[in-house]
Amino acid sequence: MAAALFIAVVTATHFFHGRVYYPHVVVEAQENVRLEFLQHGLRKDEACQTAVATIADAIRVSCPACRISIRECSGKLEPAYEKLLSEDPIERPSSRLPHGVVTYASDNKALALAACRETERLTGANGGTAAVCHPPDTERPFQAKPQRFESAQVFAGLMILLLTGLISVFVGHLIVRYDAFHANWSYDPVKTGPQKFHSAPTPRIGGLEVMAGLFVSGAVLIAVAQSASSEQFGYLLLASLPAFAGGITEDVTKNVGVLARLLLTMLAAAVGVWLLGAVIPRLDIPGFDALLKWAPFAIAFTMFAVGGVANSINIIDGYNGLAGGHAVIVLAAIAYVSAFVGDAFLFTSSLAMIGALLGFLAWNYPKGKIFLGDGGAYLLGFWLAELSVLLVARHPEVSPWFPMLLLVYPIFETLFSMYRRKVIQGQSPGQPDRMHMHQVIYMRLTQTRTDTSDPASLTRLNSMVAPFGWLITSACALPAAIFWRETQWLVTASIIFCVAYSLLYRQMLKRSRPV
């Protein structure tokens, strides 16, 4: 029902508000110089007409001798005009505007370039932000400057968090209350694998309540807030569907392999590239960054990285509240930096998932009445990875090692486990076992307790593991939030974590015994 509501609202919104209007003004200046103003699209024709009038009035005041030859609101842009609004080189000099671009044309190319540079000088001299002049056939990067986050945006984000949380709690209640209707296909039985530590059969379809909360929030955003950020939220939600579908199918059928789920998550990343331009632009690693400038390699690497992060979240999803609490901490750090750089889309997307997870944790922690399942784990992993990629891609001032440090715990857990199984134990890296860090912590806890026989005691022990994982995540999130611009500090902190993890794991393993 939530998915149907989302699709219906998106369809209706596109039907009634789907057209975009681009303010377009052409000015004939002195000495045969032609200026062409083009702004980004607006949802309403009235807003576009107002923008065109504002440009025209400003030209009349600053240049009485200039003549406005074209003033219109274009409903559709030709590819050449779309290129003007991009970062790609063009054949004419151009200057960036706060909401678009202005180009300069003349039979005398030197005169057109001189007009462009004069605009840069005048805008800088007036105390405002200089309209940087880009000569012909050069890259024209967008100016990256932090924007102030208005209180209304923060309030809207918190309302989305509350709405998503309420929907998630309600759907979780339905799953738990009416478990008799789905127990035969949704329950996760006990003692069916080395990674199972629950004492009673439990629904493993918690991903449904997380996705339901996101769907309803997406529908409300698109219906109420006619903005680019709400549209992008819808795109992110659509892109997540392949990752979620692979996981939830495994939860229901118990017959979808790891490779199939990984490939579907990589497909979701490819959809994110298409809809949102979510491509890793750099890693601040000499040599490797040069490879990332080649688009096919960058896209393939992004798909691989997103799939890897999603799989790593699934690996640490072993105890009540562990993966959900880890993600809440990571998303809070992403929301903080997103607000600092003025990205409403990433801020809202982070808070929406936080709300959905808090609703899920209300049923999952500490009593474990419902599990996240593969559907929830892969959805969550994709969401974390995609927000990380978008944050770095959209804001050059954010170090790519900021999300790396945030996610270093599950990533290093995965790499360390692969090394342990393949090199040390001589087994397949995909073979499940009881030797992950969170499982070693559980072994240690059982050694210090004597009341481990009844189901209630086992559930309490299960829930005691998560706070240790949250502490590990917080130890990474705090320096990441402080040094989110500073690659050298973030790299140092990541290396320290990996060394500390290895030493801690070795020490705890010595003091633990398999259970």
Side-chain angles (χ1 to χ4, degrees), residues 5-7 9-14 16-23 39-44 47-48 51 85-86 98-100 142-165 167 211 213-241 268 271-279 331-356 382-398 403:
L5 174 63
F6 175 80
I7 294 171
V9 171
V10 170
T11 303
T13 303
H14 179 76
F16 290 109
H17 305 283
R19 186 164 183 176
V20 177
Y21 302 89
Y22 297 88
Q39 291 193 358
H40 294 288
L42 300 171
R43 287 288 182 182
K44 296 182 179 181
C48 181
L85 295 174
S86 71
H99 303 290
F142 294 109
Q143 294 183 2
K145 45 181 196 257
Q147 305 171 7
R148 295 187 60 184
F149 226 53
E150 302 294 336
S151 58
Q153 293 174 299
V154 176
F155 178 77
L158 293 177
M159 289 299 99
I160 289 297
L161 184 151
L162 179 61
L163 173 63
T164 310
I167 297 298
M211 181 58 93
L214 294 174
F215 265 125
V216 173
S217 295
V220 171
L221 275 173
I222 293 175
V224 175
Q226 293 295 316
S227 63
S229 62
S230 60
E231 182 179 321
Q232 291 166 344
F233 183 88
Y235 287 153
L236 177 61
L237 195 52
L238 291 175
S240 69
L241 290 178
V271 177
V273 173
W274 175 44
L275 294 178
L276 294 166
V279 180
L331 289 164
I334 293 176
Y336 165 75
V337 174
S338 298
F340 198 93
V341 298
D343 197 315
F345 160 51
L346 297 181
F347 178 77
T348 302
S349 300
S350 300
L351 292 188
M353 181 57 86
I354 288 176
F382 171 80
W383 204 272
L384 292 174
E386 201 73 356
L387 293 185
S388 299
V389 172
L390 287 167
L391 183 61
V392 175
R394 291 158 65 103
H395 302 282
E397 65 270 33
V398 179

Item to complete: Not counting sequence neighbours, which residues clear side-chain contact (heavy atoms from CB on, under 4.5 Å) with Val273? List them please.
Response: Val279, Ile299
Item to complete: Would you indicate whether the side-chain heavy atoms of Ile222 and Phe233 approach each other to under 4.5 Å?
Response: no
Discussion item. Going by the rule side chain to side chain donor-acceptor pair (under 3.5 Å), which residues pair with Ser388 if we only count those two or more places apart in sequence or in a different chain?
Written reply: none
Practice prompt. State which residues pass side-chain contact (heavy atoms from CB on, under 4.5 Å) with Thr164; sequence neighbours excluded, sorted by chain then number.
Written response: Ile160, Leu214, Ser217, Ala352, Ala356
Practice prompt. Please identify each residue that fulfils side chain to side chain donor-acceptor pair (under 3.5 Å) with Ser349, with sequence neighbours left out.
Written response: none
Discussion item. Could you check whether any side-chain heavy atom of Phe347 comes within less than 4.5 Å of a side-chain heavy atom of Leu387, counting everything from C-beta outward?
Written reply: no
Fill in: Non-hydrogen atoms of Cys48 and Pro23 that approach each other most closely
SG-N, 3.5 Å
Practice prompt. Would you please name every residue forming a side-chain contact (heavy atoms from CB on, under 4.5 Å) with Leu85, sequence neighbours left out?
Written response: Tyr22, Leu38, His40, Leu77, Val101
Discussion item. So Leu276 and Val389, do their side chains get closer than 4.5 Å, heavy atoms only?
Written reply: no
Worksheet item: Does any non-hydrogen side-chain atom of Leu241 lie less than 4.5 Å from one of Phe382?
Response: no
Discussion item. Can you confirm whether Asp343 sits close enough to Leu391 that some side-chain heavy atom of one is under 4.5 Å from a side-chain heavy atom of the other?
Written reply: no
Practice prompt. Quick one: closest heavy-atom pair of Leu331 and Ser350, and the distance?
Written response: O-CB, 3.7 Å
Discussion item. Do Val337 and Leu346 have side chains that approach each other closer than 4.5 Å (heavy atoms only, starting at C-beta)?
Written reply: no
Worksheet entry | side-chain contact (heavy atoms from CB on, under 4.5 Å) partners of Ala393, counting only residues at least two apart | Pro281
Worksheet entry | Beyond-backbone contact of Leu275 with Gln232, side-chain heavy atoms, under 4.5 angstrom | no
